[in-house]
Amino acid sequence: MKVGITGASGFLGSALIAQANGRQWSVAAFSRDPDKPIEGADEVRSLGGGEKIDLDGLDALIHLAGEPLVGLWTKEKKRRIRESRVGLTSALVGDIGSLSRSRRPPVLVSASAVGYYGDRGDEWLDEEADVGFGFLAEVCRDWEAAAAKASRLGVRVVTPRLGLVLGKGGLLKRLRPIFRAGLGGPLGKGDQWMSWIHVEDAARVFLECVANDDVTGRVNCAAPNPATNREFTRTYAASLKRKAFLRVPGAALKRLPGGMGRMFLDSQRVAPVVMRAFDYRWLHEDLESALRAIEAET
């Protein structure tokens, strides 16, 4: 198996490469800096720059690349968030279509996010739930629609909707010094649901989507036990042997530019129904044990 990975040098991309190596799969990483080696990748190919992307010889393409959501949501930032997801995915599908049918990668696993559902309170959300409202929901909707066009080219398309990915890197890398300093606390009322997944499970789900020909379409890439923000805050602080009392007022978050506060306050209580149907076994189902395992590695 030879798999291509965009966003391969990122937090999840690095975990995907490690998991693919463990399966004895060959990895072609795609990067805007193809001259820079990426650990674990057998080769690095160019991504972007206006040139056609080299997809030759791939048995699968995993598409993760996208502008980070972190940073003030100015008009330009939001444009980059959208273009790096919807625009780049459309370009990838166009490049797939330019290949003869026999040379196209048989499967495209294109990341999406649980932000698709918008703010849904306590409602349980499976893969058939309707799209929500707001900037992130609209981006996810159009992102998935761009990827889905590859199915017209005879490519199996899977769009895993990622929850909050937990590990030594990513969000926890930013939160760790704040919580260790005793400055952590709930966001707003703290009753918004956070659907999370350990990075090892996220990588395993993506590779299962590649390997299992029966998996297609939308897949909730989240652990089966979401937590409220209040529960997450308390559990993470406990894993660091700290207290977390400094609540961030919801009103202050709502005043962040470009509607950025919705990223912290929207509630998504996601159920990974598709992966359960395929008898996927999570390595980390419980938030407390997942966080303690992460901190033990740090």
Side-chain angles (χ1 to χ4, degrees), residues 6-7 10 12 47-48 62-94 96 108-152 157-165 170-171 187-188 192-197 202 206 209 216-222 226 229 250-251 253-274:
T6 74
L12 177 54
L47 178 67
I62 297 176
H63 178 36
L64 298 174
E67 172 79 10
L69 296 181
V70 176
L72 290 179
W73 282 12
T74 61
K75 286 184 179 180
E76 173 59 19
K77 175 71 170 178
K78 291 172 77 173
R79 185 198 68 77
R80 293 199 305 269
I81 289 172
R82 180 178 178 83
E83 180 60 24
S84 67
R85 287 163 173 77
V86 182
L88 180 55
T89 302
S90 294
L92 279 171
V93 172
I96 291 172
L108 168 64
V109 180
S110 183
S112 182
V114 298
Y116 175 94
Y117 301 111
D119 185 15
R120 304 294 279 270
D122 293 333
E123 178 184 359
W124 277 103
L125 302 164
D126 64 16
E127 286 85 354
E128 298 305 313
D130 291 336
V131 65
F133 298 96
F135 172 69
L136 286 180
E138 292 170 3
V139 168
C140 290
R141 177 198 63 199
D142 296 344
W143 192 9
E144 292 184 16
K149 291 179 180 178
S151 62
R152 304 173 190 172
V157 178
V158 188
T159 50
R161 292 172 177 163
L162 280 161
L164 176 64
V165 182
L171 177 67
L187 302 178
Q192 66 272 34
W193 287 94
M194 300 172 63
S195 292
W196 60 275
I197 186 166
F206 269 72
C209 291
T216 187
R218 299 158 292 191
V219 173
N220 283 337
C221 189
N229 175 258
L253 292 170
K254 290 176 181 178
R255 286 197 291 268
L256 290 172
M260 183 180 175
R262 301 267 38 111
M263 185 169 61
F264 306 109
L265 296 174
D266 282 357
S267 178
Q268 291 122 12
R269 194 183 191 187
V270 166
V273 171
V274 170

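Quick note: residue numbers are just sequence positions, from 1. Quantities reported herein were computed from a predicted structural model and do not represent experimental measurements.
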Examine distances only and state if a side-chain atom of [X] and a backbone atom of [Y] form a donor-acceptor pair shorter than 3.5 Å.
| X | Y | answer |
| --- | --- | --- |
| S84 | I81 | yes |
| T6 | A65 | yes |
| D126 | A129 | yes |
| S195 | A222 | no |
| S267 | Q192 | no |
| Q268 | L125 | no |

4.5 Å side-chain heavy-atom contact, [X] and [Y]:
| X | Y | answer |
| --- | --- | --- |
| N220 | Y117 | yes |
| R85 | E67 | yes |
| M263 | L69 | yes |
| K77 | L72 | no |
| V109 | V219 | no |
| K78 | V139 | no |
| L162 | L12 | yes |

Find the distance between [atom1] ([X]) and [atom2] ([Y]) and round it off to the nearest 0.5 Å.
| X | Y | atom1 | atom2 | result |
| --- | --- | --- | --- | --- |
| F206 | H63 | CZ | NE2 | 10.5 Å |
| E83 | T89 | CD | OG1 | 10.0 Å |
| S90 | K149 | OG | NZ | 5.5 Å |

ask   = Less than 4.0 Å between a side-chain N and a carboxylate O, is that true for R79 and E76?
value =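 Salt bridge between E76 and R79, a charged N being under 4.0 Å from a carboxylate O: yes.
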
request  = Run the salt-bridge test on E144 and R161 with the 4.0 Å N-O cut-off and return the result as yes or no.
outcome  =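 Salt bridge present between E144 and R161.
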
Tell me the closest heavy-atom pair linking [X] and [Y], and the distance in Å.
| X | Y | result |
| --- | --- | --- |
| E127 | V273 | OE1-CB, 3.4 Å |
| S110 | W143 | OG-NE1, 4.2 Å |
| A202 | C221 | CA-SG, 3.9 Å |
| T159 | A147 | CG2-CB, 4.2 Å |
| F264 | L256 | CE1-CD1, 3.9 Å |
| Y116 | A137 | O-CB, 3.5 Å |

message = Going by side-chain hydrogen bond (donor to acceptor under 3.5 Å, both in side chains), W193 matches just one of D119, D266, D122, N229. Which one?
response =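 So, applying the side-chain hydrogen bond (donor to acceptor under 3.5 Å, both in side chains) to W193 and each of D119, D266, D122, N229, only D122 qualifies.
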
